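One structure is given here, and the rest of the page talks about it.
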Amino acid sequence: MYKAHINENTGKVQTVKEHCENVGKLCREFSINALKDILYAIGMLHDVGKYQDAFQRRIDGENIRVEHSACGAIAAKEEYHDAQVPALMMGCCIAGHHSGIPDMGHATDTEELTTLNGRLKRKFDDYSVYKNELMMPPVDNTAFAEFMVKGCNNSQDKLIDKFAFVTRYCFSCLADADSLDTAAFAGDENRRALEADFERCLAKVNVCLSSFVCETDLQKTRVKLQQEAFDKVSVCGEIFLLQMPTGSGKTLCSIKFALKRALLHNKKRIIYVIPYNSIIDQTAAEFESIFESDAEILRHQSTFSYSEQNDYDEDYKLNAKYASENWDARIIVTTMVQFFESIYSNKRSKLRKLHNMADSILVFDEAHLMPHNYLQPCLEAVSYLTSDFNSEAVFLTATMPDFRNLITEYGLADSKIVDLIDDKSDFDKFDKCDYKYISSKSGDEILSMASKMPSSLIIVNTRKSAQQLYKSIHHGKKYHLSTYMTAFDREKTISEIRNELVQLAKDYPDFTDVPEERRITVISTSLIEAGVDLDFYTVFRELSGLDSILQAGGRCNREGKRKKGDVFIFELKENEGKIIRDIRPNITKGILQKYGDISASESIEEYYRMLFYADKDLLDAKSMHKYCSNIQNIPFKKYADEFELIDSNTISVAAVCDERSWELVRTLEYTGKGSERSFQRYAFSVYQKEFDLLLAQNAIDDFGSGIWCLTNNDYYDKETGITFEAKDYII
């Protein structure tokens with residue numbers, strides 16, 4: 001009997017044959033039709049190295065190190081020598097099924113190298129007994145080749161990108177199948193998927209939408225736009241573009257469309273992808289409020305930990321923890337970073353999710369925020385999932401780039417793309433503010449203008465500017481928001497701002513004769529622009545990208561209580577002469593000079609046309625085909641290590657904000673152990689130079705854990721965040 005696992009609690013043995021057959025069947029079950037035989041073979045071969053005598057001695061207690069993963073890769077090469085390309089894909093998956101998909105390397109690699117080619121040259125004990133115990137399926141090489149070239153248009157670059165994507169998908173099926181079968185054998189049978197009843201959820205969304213008053217022209221137009229999208233729910237398509245103005249109910253419209261498509265085409269799950277952690281809280285809370293017990297929503301983001309939550313029962317928290325490993329849930333709310341970095345990872349822990357992105361409805365909120373330097377990988381991933389893996393996508397935004405052409409050029413040329421809103425003539429009914437360029441102003445001049453308004457939001461481009469402006473305010477109620485503050489303090493501040501704005505509107509419904517002490521001024525960086533539901537009388541926005549300015553405008557006169565609000569666009573005099581590498585402000589300045597209404601469709605179209613032309617060299621810079629010359633030397637590990645949607649030149653540092661964070665820091669100090677996810681809510685971010693400054697002043701320590709914490713809270717202010725200089729130094 002050849003052993004694969006021994007249950008430490010019961011002494012029960014799982015044989016290699018049982019485990020390989022179980023994993024093979026699960027891989028086949030997870031797979032799309034075109035890859036079922038290949039994935040069954042991958043599952044069957046992945047642990048044949050455990051047939052080695054050395055491995056059997058190790059599992060029986062001998063203290064020796066035995067490599068087994070490469071054996072299956074070698075076996076795949078031998079078993080399928082007539083199907084070299086499928087065998088190559090199998091080898092990548094099997095060789096890396098514990099440590100991650102390796103770089104493929106080159107034919108000249110020697111055995112001490114960790115590349116696939118290097119590992120294939122290593123010598124192992126005889127494991128050929130697998131041939132007597134396991135029946136390998138035939139693989140149709142011709143059918144596989146047809147699947148691979150579909151959509152590649154005879155392009156070597158496209159073939160490289162697709163081969164890499166399909167390999168990661170196959171690896172995902174293997175990693176999840178292996179993990180699940182091993183967990184089941186270990187006695188972890190109680191885990192279950194998070195459920196949702198799409199029919200009942202849809203009914204509740206309909207009730208919610210029908211509860212809104214529909215009397216004014218704006219309200220009637222909102223219903224008309226939403227209905228135009230719903231009328232296309234049965235249209236044949238793969239990628240749906242949903243452009244709707246701010247205030248037109250995009251979130252509810254998109255989730256209703258997604259539910260209807262999921263029911264119509266029997267999709268397994270809905271994955272709602274959001275650009276920022278700060279928006280997820282609001283969206284997830286809205287969905288939970290509407291769906292109630294009819295949906296167990298999985299939230300997967302770096303700043304959220306189920307173990308830290310008190311609002312969920314233990315069964316739900318346990319299964320949500322399991323579901324976050326492989327996205328075994330019906331409704332998932334996650335970030336753009338989590339979504340795409342999971343797809344382009346090479347690691348088992350991240351790639352387990354990929355196969356569960358297939359056969360799904362994918363909704364990309366604020367889709368225009370896909371990073372330009374990763375645009376091709378992002379669009380390719382969506383194109384593959386929708387053309388080959390039975391998923392559908394909805395791109396949702398008020399400021400829509402020309403995704404039809406972008407997907408055709410950088411994704412797949414034959415993607416079936418559908419515009420859900422054709423008639424944009426009524427978009428102007430959602431124009432609740434005028435955009436006015438007021439040229440260069442000093443910070444004091446901006447604050448002077450703001451001081452006369454019942455409520456003002458001033459958005460600047462840097463955290464330093466935000467702190468300086470905030471400290472210069474000497475009137476009314478003032479608030480500050482930036483990532484120099486912890487997420488904990490930002491959430492509290494946003495809640496306070498919302499309450500103050502609501503109370504101000506109640507006390508002064510016509511916004512006249514508001515006393516100075518009741519006037520509200522908020523200084524913020526761009527983090528407030530998307531998904532933060534606040535309504536200001538006036539907005540001031542430092543010159544930036546047109547999309548950012550229009551998003552800022554969405555915080556002005558949001559409820560349309562006045563005919564028009566004012567959004568003042570300015571440049572800070574204090575920043576004159578500074579080198580700015582961002583091209584977006586200059587493009588926006590040109591749009592401001594050319595168009596009377598920068599929120600009009602033609603303004604947005606021209607802005608994106610100029611921006612993508614200027615960024616053209618960036619758009620495909622991070623594609624896999626830029627890293628290698630053919631499918632035989634794809635550097636999976638190197639590519640994954642360098643794939644970062646958000647530039648990691650910032651470092652997170654935690655501060656004590658409440659009793660819970662104090663306990664976390666104390667435990668870390670005494671044990672040197674802690675969960676990075678547990679600290680996320682109490683963390684702010686700093687650049688390397690700022691980090692070095694804090695380190696030089698002995699203001700931070702990681703206690704040997706790699707989790708950095710402030711050791712002197714004099715450096716942190718709950719209103720403005722990190723100060724870089726202790727308060728007791730300031731005289």
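No hydrogens, no waters, no symmetry mates; every other heavy atom, side chains included, goes into these values. Just so we're clear, the structure is a prediction, and the values are computed from it rather than from any experiment. Starting from 1, each residue takes its place in the sequence as its number.
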* Asked: Are the charged groups of Lys637 and Asp103 less than 4.0 angstrom apart, N to O?
  -> no
* Structure fact -> The side-chain contact (heavy atoms from CB on, under 4.5 Å) partners of Asn630 (sequence neighbours excluded) come to Gln156, Gln632, Asn633
* **Glu392/Arg261 salt bridge by N-O under 4.0 Å criterion** => yes
* Between the side chains of Asp126 and Ser128, does any donor sit under 3.5 Å from an acceptor? -> yes
* Asked: Got a sec, which residues hit ring pair (Phe, Tyr, Trp, His ring centres under 6.0 Å) with His368, two or more places apart in sequence or on another chain?
  -> none
* Asked: Does a side-chain N-to-carboxylate-O contact under 4.0 Å join Lys162 and Glu380?
  -> no
* Residues, nucleotides or ligands: over 12 heavy atoms within 6.0 Å of Gln84 CD -> no
* Asked: Will you find, in the side chains of Asp109 and Asn117, an N or O donor that is under 3.5 Å from an N or O acceptor?
  -> no
* Asked: Taking the six-membered ring where the residue is Trp, are the ring centres of Phe364 and Phe339 under 6.0 Å apart?
  -> yes
* Asked: Charged N to carboxylate O below 4.0 Å: is that the case for Arg609 and Asp402?
  -> no
* What pair of heavy atoms forms the shortest contact from Tyr130 to Glu79, and how long is it? -> OH-OE2, 2.7 Å
* What are the two closest non-hydrogen atoms of Ile42 and Cys170, and how far apart are they? -> CD1-CB, 4.0 Å
* **Pairing residues for Phe679 by the ring pair (Phe, Tyr, Trp, His ring centres under 6.0 Å) criterion, not counting sequence neighbours** => none
* **For His98, ring pair (Phe, Tyr, Trp, His ring centres under 6.0 Å) partners two or more places apart** => His68
* Report yes if the side chains of Glu409 and Phe612 come closer than 4.5 Å at any heavy-atom pair, otherwise no. => no
* To do: Verify whether the ring centers belonging to Tyr80 and Phe144 lie closer than 6.0 Å.
  => no
* Asked: Do Asp414 and Lys150 meet the salt-bridge criterion of a basic N to acidic O distance under 4.0 Å?
  -> no
* Closest non-hydrogen atom pair, Asp359 against Asn266 -> OD2-O, 4.4 Å
* **Exercise: identify the closest heavy-atom pair between His5 and Phe185** => CB-CE2, 3.6 Å
* Check ion pair Glu238-Lys416 (N to O, under 4.0 angstrom) -> yes
* Phe240: ring pair (Phe, Tyr, Trp, His ring centres under 6.0 Å) partners, not counting sequence neighbours -> Phe257
* Structure fact -> The side-chain contact (heavy atoms from CB on, under 4.5 Å) partners of Gln56 (sequence neighbours excluded) come to Tyr2, Lys3, Val16, Ile59
* For the student: nearest non-hydrogen atoms of Glu690 and Val686, plus distance -> OE1-CA, 3.4 Å
* Asked: Do other residues, nucleotides or ligands put more than 12 heavy atoms under 6.0 Å from the NZ atom of Lys77?
  -> no
